[in-house]
Structures are given as structure tokens and as C-alpha cells.
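Every chain is numbered from 1 and lettered A, B, ... according to where its sequence line falls, protein lines coming before strand lines.
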There are 2 protein chains.
Amino acid sequence: MTKNTKFRTPDCGLSKVQQMLGGKWKLLLLWYLSEKPRRFGEIRRCFPEITEAMLTKQLRELEQDKLIYREVFKVVPPRVEYSLTDLGSKFSPIIEAMHEWGEENLKD
Amino acid sequence: MTKNTKFRTPDCGLSKVQQMLGGKWKLLLLWYLSEKPRRFGEIRRCFPEITEAMLTKQLRELEQDKLIYREVFKVVPPRVEYSLTDLGSKFSPIIEAMHEWGEENLKD
DNA sequence: CAGGATCCGCTACGATACTG
DNA sequence: CAGTATCGTAGCGGATCCTG
């Protein structure tokens, strides 16, 4: 490689990844959903620090980016389940690796 | 696992990772430095979209987090070289994986 | 139960000018 | 060459209240 065009920013895949997963809770949410599908309430209870508004927003963004799937059951009371898409599933090993790296190396 | 304490936020390794690498340019910079050590000017020229102030800030943060090493040569004109630390090197396969995932799956 | 609607502060990001 | 020093801004993240 003579020119390092591969690092030029906007069209680089890595940049897109960062934009998609830059949100403060995105990685945590994806990681949580990688275990198994979850209902809104479950997620909320698992991450009490996130406000409902914020949680909704992040979930919607992940949905728009095709990382998670949102299934609405037409029942009363309402039931909504979030799960990883294929795309999201393909990413979860990376999240797992990031977590391991953090656990092993970030023991301040 | 009966309780999902592993997802509880603040003490989770994944959260720390996100805080460390959440910066808009951090991943790109680490990736660039994973090729080989670079001087400040080289980095700047490779990422003309980053202002000098921003670049300096991000590099300093990466340095504080022990991901990169900053070596100052006492010469005129000044020469400063940035390189990955062992910690940073251990993370670069993950960056590579993120990039590949992006390239393969984000072709909108 | 699973959200939507507002409002708002902070700080991450950036533009510009200057320096050892 | 490799930075600092200031200042300005947008939007992310959050608090709070409301609804199908």
C-alpha cells in the first residue's frame, strides 16, 4: 500500500461502526440482548440508570440500524420484544471480545 | 446464571471500554497507529478533518488511558512519535474485526 | 406495559489564532 | 514541527410529566 486511502474517514467502514455504536448504552444493550430476546421492561430493570426516554431512543436507533429487531405483540397489556438481527448477531462476538479485553486489562 | 449482575453498568469492563474509545476519532487513530508508529504531522495529514486541537486532545486521552505511547525526541525541529502500547496492541485485532464487519455488512 | 412529548444542561466537538 | 489558548456551538444524554 503506497497511499493510505484506507484510513480516509467518511467512507471507511470503521467510521460507520463508530457512528452506529457510539451511543452511550448501545454496546451494553446489544450485549444484553445477545443472551436472549428481552422485553422492554426487562431491559429497563436491568439498566435502571437509563431513563425510559433514553432507552427507547437508543433501542429505536439500533432498530433503524438493523442491529436489533422489534416485535410487537398485539395483546393487552402490550408486549414488545427486542432481539438481535442477523447483523447484530454477527457483531456480538466482537462485543464479547471487547468485554474480555476490558476485564483482563482494565483492572485499575 | 440466575442474576444478570454481569450487565450492571458502572463496574462492567465493557462500559470502561466504551468510555475510553467513545471519542469520535479514537478508533481511527488506534487503527492507523496499529500499522506502525507515526509522527504528529503524519497523523494530521492522514486525517485532515480533525483539527489540531482535537487531534492533540484525543491523542492525550489515549495516552492517559495507556493505549498509545508518546515519545518526544529532543531535537530541533521537534519530533514526536506515537505508537501503540502493549495494551493498545492487544486491542487492535478487535478494531480490525470491527472494520471487517463494517465493510462486509454496511454497504448501504 | 411500553412508550411519547418537552425541556434543558453539559461537554464533546470544532474554528481560529497564536507559540516554543 | 508540534503543539497551546480561546471561544463558540450542536446535539447527546437526561429529568420530568403524560398517554394508547
What is the distance from [atom1] of [X] to [atom2] of [N], rounded to the nearest Å?
X: B/K57; N: D/dT4; atom1: NZ; atom2: P; answer: 13 Å
X: B/E61; N: C/dT11; atom1: CD; atom2: P; answer: 13 Å
X: B/L29; N: C/dC13; atom1: CG; atom2: P; answer: 12 Å
X: A/E52; N: C/dA5; atom1: CD; atom2: P; answer: 14 Å
X: A/I43; N: C/dC1; atom1: CD1; atom2: C1'; answer: 13 Å
X: B/I50; N: C/dA12; atom1: CD1; atom2: P; answer: 16 Å
X: A/E49; N: D/dG14; atom1: CD; atom2: P; answer: 10 Å
X: B/K26; N: C/dA12; atom1: NZ; atom2: C1'; answer: 10 Å

Closest listed nucleotide, where the reference is the side chain of [X] and the choices are [options]:
X: B/T51; options: D/dT16, C/dA15, D/dA2; result: C/dA15
X: B/P78; options: D/dG3, D/dC1, D/dA15; result: D/dC1
X: B/R39; options: D/dA15, D/dG3, D/dC1; result: D/dC1
X: B/R60; options: C/dA15, D/dG3, C/dA2; result: D/dG3
X: B/P77; options: C/dG14, D/dC1, C/dA2; result: D/dC1
X: A/V80; options: C/dA2, C/dA15, D/dA2; result: C/dA2
X: A/M54; options: C/dC1, D/dG14, C/dA12; result: D/dG14
X: B/Y82; options: C/dA2, C/dT16, D/dG3; result: D/dG3

Phosphate OP1/OP2 of [N]: any [X] side-chain N/O under 4.0 Å:
X: A/R70; N: C/dA2; answer: no
X: B/Q58; N: C/dC13; answer: yes
X: B/K24; N: C/dG14; answer: yes
X: B/R44; N: D/dC1; answer: no

Using a 4.5 Å cut-off on heavy atoms from C-beta on, say whether the side chain of [Y] contacts that of [X].
X: B/L21; Y: B/L30; result: yes
X: B/Y69; Y: B/D86; result: no
X: B/M20; Y: A/L106; result: yes
X: B/V17; Y: A/H99; result: no
X: B/L62; Y: B/K26; result: yes

- Which part of the nucleic acid, if any, lies within reach of B/T56 when heavy atoms closer than 4.0 Å are counted: base, sugar-phosphate only, or nothing?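 B/T56: base contact, heavy atoms under 4.0 Å.
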- Task: Answer yes when A/E63 and A/R60 have at least one side-chain N-carboxylate O distance shorter than 4.0 Å, and no when they do not.
- Result: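 Yes, A/E63 and A/R60 are salt-bridged.
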